[in-house]
Asker: 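Okay, here's the structure, questions in a sec.
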Amino acid sequence: MEVTTVRELFRHADRFLQRKIKVNGWVRTVRSSKNFGFIELNDGTFFTNLQVVFDDGLDNFKEVAKLVTGSAIVVEGQFTESPGAKQPFELKAERIEVAGAAAQDYPLQKKRHSFEFLRTIAHLRPRTNTFSAVFRVRSLLAFAVHKFFQERGFVYVHTPIITGSDAEGAGEMFRVTALDFENIPRDGSGCVDFSRDFFGRETNLTVSGQLNVEAYCLAFNKVYTFGPTFRAENSNTARHAAEFWMIEPEIAFAGLPENMQLAEDMMKFLIGYALENAPEEMNFFNKFIDKSLLDRLYNVLDSDFARVTYTEAVEILQKSGEEFNYPVGWGHDLQTEHERYLTEKYFQKPVFVTDYPKEIKAFYMRMNDDGKTVAAMDLLVPGVGEIVGGSAREERLDYMEKRMEELGLNKEDYWWYLDLRRYGGAKHAGYGLGFERLIMYVTGMANIRDVISFPRTPKNAEF
RNA sequence: UCCUCGAUAGCUCAACGGUAGAGCAUCCGGCUGUUAACCGGAGGGUUGCUGGUUCGAAUCCAGCUCGAGGAGCCA
């Protein structure tokens, strides 16, 4: 007999009622009496469990009644309406095959677990309600990212994971090498001789696909990357990981306004997609993870994102009357507490902060006419903080060379990046969206370690 | 990396200088529609590690390891 999924049963119950069906899945809990019992079965296709009713008409009734949570079974029987109040349907089992019993030390209870404990059993936590919901939404959002950009004519570019130098300057990087650590080649001055390494030079894991994707932007007009990114920073926070996924669109013949509009449209599209395609999961998050989640997300869909310049933001903070641990002053980067005030208290919705002082932003950001600020934008959202960081890119070769000189960057390291300004280097802009931070925002999950299947953080790569 | 807090049964926690306990899970038994099922019983511990103080340490002190929250860095 063909296997039916629990998703089909719940979405199209009328097609299956009063018919014989076959399902498979994993036992969430068994409640048994002397002559009958109930199994909560989850087959991974649907958030809600299917209730299986069984009785001593089964030749393996005793074995089934003793099944430990986590066991894998295959059930055949009649799909019927349920007399119980808590579920509309149930499966009256006529045959239950134990496909894989769980040992009695199965660590997951039917009780609530702490997320800290579940991180220690990352291989089993996808079987819990919360992680089932998180990772289905993660999958849906990954697809939605592609859908959003593809429908708007963007070309998906795979930028390299291994990058040619540390010239990007965006923080600590993981080195990639094939050198024998027991016998590292040295040059005349005692330094490691990377010319004898696999690539004949120093290589690292990418910290951003941006520089590479700009080359494709200036050929395809509208492009995006979506892939893994690596940062070797010793960050111990709920919103940093050493390996995470980033989405980096880049649009040509466009500046900061178009860039912000794209980011806002994208955020609304992705939120709407999750609400529409994972209603059970989103309701679960709203009930058990963050009771204000749905109100907040619908509010985002209905309202325009706020936009302020950095200079205006500083004025708002100075006039706020709030006691901040760090002083607010033009020229200093906004602290987390300042960002939280802006997005969570003052605007109470997502807010773009634009036009930061050039000193606190990257060399490639486009200089504004005032000569003091650059056309950068950060999108701040309540609860997560910075979720998008982007800018208009400096397309004027002379401006960029001057800026690189000021910062002491070696122009030879960036020869091909500068070439892009030499040969039809039109205005262009782009941003990076932290995919995990998006998932946190959409699900209400508070820790990035709980939206990555097997998270990599300092001192943690067990799985 | 810095600051703060924490680590006791498989899990969630209690005991806070004087014999280490409960609920859940597991095992055994009972129960004819359960819903974190219910009722009865049993097993389960080098109290994170190392050292110190003390007649006596889960409890006080120091170091270490790991974790959490906050900060920095950023997405």
Asker: Just how far, in rounded Å, is C1' of A75(B) from CE of M377(A)?
Answerer: 12 Å
Asker: Nearest of C24(B), U32(B), C73(B) to any side-chain atom of N35(A)?
Answerer: U32(B)
Asker: For A37(B), does OP1 or OP2 lie under 4.0 Å from any side-chain N or O of R28(A)?
Answerer: no
Asker: Can you pull every protein N or O that's under 3.5 Å from an N or O on nucleotides 40-48 of chain B?
Answerer:
none

Asker: If you look at every strand shown and take non-hydrogen atoms under 4.0 Å, does N447(A) touch a base, only sugar-phosphate, or nothing?
Answerer: sugar-phosphate
Asker: If you compare all heavy atoms of V23(A) against all heavy atoms of L50(A), which two are closest, and at what distance to 0.1 Å?
Answerer: CG2-CD2, 4.1 Å
Asker: From the set C31(B), U34(B), C74(B), return the single nucleotide nearest to any side-chain atom of S33(A).
Answerer: C31(B)
Asker: Between the side chains of E436(A) and Y441(A), does any donor sit under 3.5 Å from an acceptor?
Answerer: no
Asker: Is any side-chain N of the basic residue among E97(A) and R95(A) closer than 4.0 Å to the acidic one's carboxylate O?
Answerer: yes
Asker: If each of E90(A) and V68(A) is mapped to the nucleotide of RNA chain B with the nearest heavy atom, which maps nearer the 5' terminus, i.e. the 5' end?
Answerer: V68(A)
Asker: Of the options A25(B), A71(B), A75(B), whose atoms approach the side-chain atoms of Y326(A) most closely?
Answerer: A71(B)
Asker: Just do the side chain to side chain donor-acceptor pair (under 3.5 Å) check on Q87(A) and S82(A) with the steps written out, would you?
Answerer: CA-CA 7 Å; Q87(A) 64 282 322; S82(A) 174; 3.0 Å; yes
Asker: Would you say S32(A) places a side-chain N or O within less than 4.0 Å of OP1 or OP2 belonging to A37(B)?
Answerer: no
Asker: How many Å lie between CE on M246(A) and C1' on C74(B), as a whole number?
Answerer: 10 Å
Asker: Taking side-chain contact (heavy atoms from CB on, under 4.5 Å) as the criterion, tell me which of D355(A), V353(A), V388(A) meets it with M377(A).
Answerer: V388(A)
Asker: Base, sugar-phosphate, or nothing: which does E337(A) touch, judged by heavy atoms less than 4.0 Å apart?
Answerer: nothing
Asker: Report yes or no: is there a donor-acceptor pair, N or O only, under 3.5 Å between the side chain of R112(A) and the base of C24(B)?
Answerer: no
Asker: Please report, rounded to the nearest Å, how far the P atom of C2(B) is from the CD atom of E233(A).
Answerer: 16 Å
Asker: Report the nucleotide, chosen from A75(B), A68(B), G33(B), that has the shortest atom-to-atom distance to any side-chain atom of K92(A).
Answerer: G33(B)
Asker: Using atom CZ of R31(A) as one end and atom C1' of U32(B) as the other, report the distance to the nearest whole Å.
Answerer: 15 Å
Asker: Is S114(A) touching bases, backbone alone, or none of the nucleic acid, heavy atoms closer than 4.0 Å?
Answerer: sugar-phosphate
Asker: Ignoring the backbone of K459(A), work out which of C73(B), G67(B), C11(B) is nearest its side chain.
Answerer: G67(B)
Asker: Base, sugar-phosphate, or nothing: which does R340(A) touch, judged by heavy atoms less than 4.0 Å apart?
Answerer: nothing
Asker: Scan Q109(A) against the nucleic acid and name what it touches under 4.0 Å (heavy atoms): base, sugar-phosphate only, or nothing.
Answerer: base
Asker: F89(A) has an atom CZ; how far is it from atom C1' of G33(B), in whole Å?
Answerer: 18 Å
Asker: Taking CG from N236(A) and P from U1(B), how many angstroms apart are they, rounded to a whole number?
Answerer: 8 Å
Asker: Need one value for G84(A): base, sugar-phosphate or nothing, where a base atom within 4.0 Å counts as base even if backbone is also close, heavy atoms only.
Answerer: base
Asker: For F154(A), does the CZ atom have more than 12 heavy-atom neighbours from other residues, nucleotides or ligands under 6.0 Å away?
Answerer: yes
Asker: Indicate, with a heavy-atom threshold strictly under 4.0 Å, whether F38(A) touches base, sugar-phosphate, or nothing.
Answerer: base
Asker: What is the nucleic acid contact for I247(A), judged by heavy atoms within less than 4.0 Å: base, sugar-phosphate only, or nothing?
Answerer: nothing
Asker: Choose from A68(B), U34(B), C74(B) the nucleotide whose nearest atom is closest to any side-chain atom of R119(A).
Answerer: A68(B)
Asker: Using whole Å, report how far CZ of F117(A) lies from P of C24(B).
Answerer: 18 Å
Asker: By nearest atom, which of the nucleotides A68(B), U35(B), C24(B) is closest to the E116(A) side chain?
Answerer: A68(B)
Asker: Is there a donor N/O on one and an acceptor N/O on the other, under 3.5 Å, for the side chain of S235(A) and the base of C74(B)?
Answerer: no
Asker: Should the side chain of R231(A) and the base of A75(B) be counted as holding a donor-acceptor pair, with the cut-off at 3.5 Å?
Answerer: yes
Asker: Between G48(B) and U8(B), how far apart are the two P atoms, rounded to whole Å?
Answerer: 6 Å
Asker: Tell me if a side-chain donor or acceptor on S320(A) pairs with a main-chain N or O of E322(A) at a distance below 3.5 Å.
Answerer: yes
Asker: Please lay out, stage by stage, how R340(A) and E386(A) fare under the test salt bridge (charged side-chain N to carboxylate O under 4.0 Å, His left out).
Answerer: CA-CA 9 Å; R340(A) 293 187 85 115; E386(A) 186 181 338; over 6 Å; no
Asker: State whether the number of non-hydrogen atoms from other residues, nucleotides or ligands found under 6.0 Å of F89(A) atom CZ is greater than 12.
Answerer: yes
Asker: Whether R152(A) engages the ring of F269(A) as a cation-pi pair (distance to the six-membered ring centre under 6.0 angstrom, angle to the ring normal within 45°) should be assessed.
Answerer: yes
Asker: Can you establish whether the number of heavy atoms outside K349(A) located under 6.0 Å from its atom NZ is more than 12?
Answerer: yes
Asker: Work out how far the P atom of A57(B) is from that of U1(B), and round it to whole angstrom.
Answerer: 34 Å
Asker: Take atom P in A37(B) and the same atom in G43(B), then report the distance between them in whole Å.
Answerer: 25 Å
Asker: Side chain of K111(A) only, please: which of U1(B), A36(B), U12(B) is the nearest?
Answerer: A36(B)
Asker: Pair F244(A), R231(A) - check side-chain contact (heavy atoms from CB on, under 4.5 Å), show working.
Answerer: CA-CA 9 Å; F244(A) 63 99; R231(A) 305 266 167 101; 3.7 Å; yes
Asker: Which whole number of Å gives the distance between the P atom of U47(B) and that of U19(B)?
Answerer: 15 Å
Asker: If you find the nucleotide of RNA chain B closest to V53(A) and the one closest to Q104(A), which residue's nucleotide is nearer the 5' end?
Answerer: Q104(A)
Asker: Taking Watson-Crick and G-U wobble pairs with both distances under 3.5 Å, convert RNA chain B into its dot-bracket string, 5' to 3', dots for unpaired and | for cross-strand pairs.
Answerer: (((((((..((((....[..)))).(((((.......))))).....(((((..]....))))))))))))....
Asker: Please tell me which of the listed nucleotides, C31(B), U1(B), U12(B), lies nearest to the side chain of N234(A)?
Answerer: U1(B)
Asker: Taking R138(A) for its side chain and V451(A) for its backbone only, find out whether a donor-acceptor pair lies under 3.5 Å.
Answerer: yes
Asker: Which residues in residues 237-244 of chain A have at least one heavy atom lying under 4.0 Å from any atom of RNA chain B?
Answerer: T237(A), R239(A), H240(A), A241(A), F244(A)
Asker: Between Q335(A) and G72(B), does any side-chain N or O lie under 4.0 Å from OP1 or OP2?
Answerer: yes
Asker: If you measure only the distance, is there a donor-acceptor pair under 3.5 Å linking the side chains of W26(A) and S71(A)?
Answerer: no
Asker: Output yes when at least one side-chain N/O atom of K62(A) is less than 4.0 Å from OP1 or OP2 of C28(B), else no.
Answerer: no
Asker: Rounded to the nearest Å, what distance is computed from the CZ atom of residue F352(A) to the C1' atom of nucleotide A75(B)?
Answerer: 15 Å
Asker: Please determine, for the side chain of K110(A), which listed nucleotide (A37(B), U35(B), C28(B)) has the closest atom?
Answerer: A37(B)
Asker: Is any NZ, NE, NH1 or NH2 atom of the basic residue among K222(A) and E250(A) found under 4.0 Å from an Asp or Glu carboxylate oxygen of the other?
Answerer: no
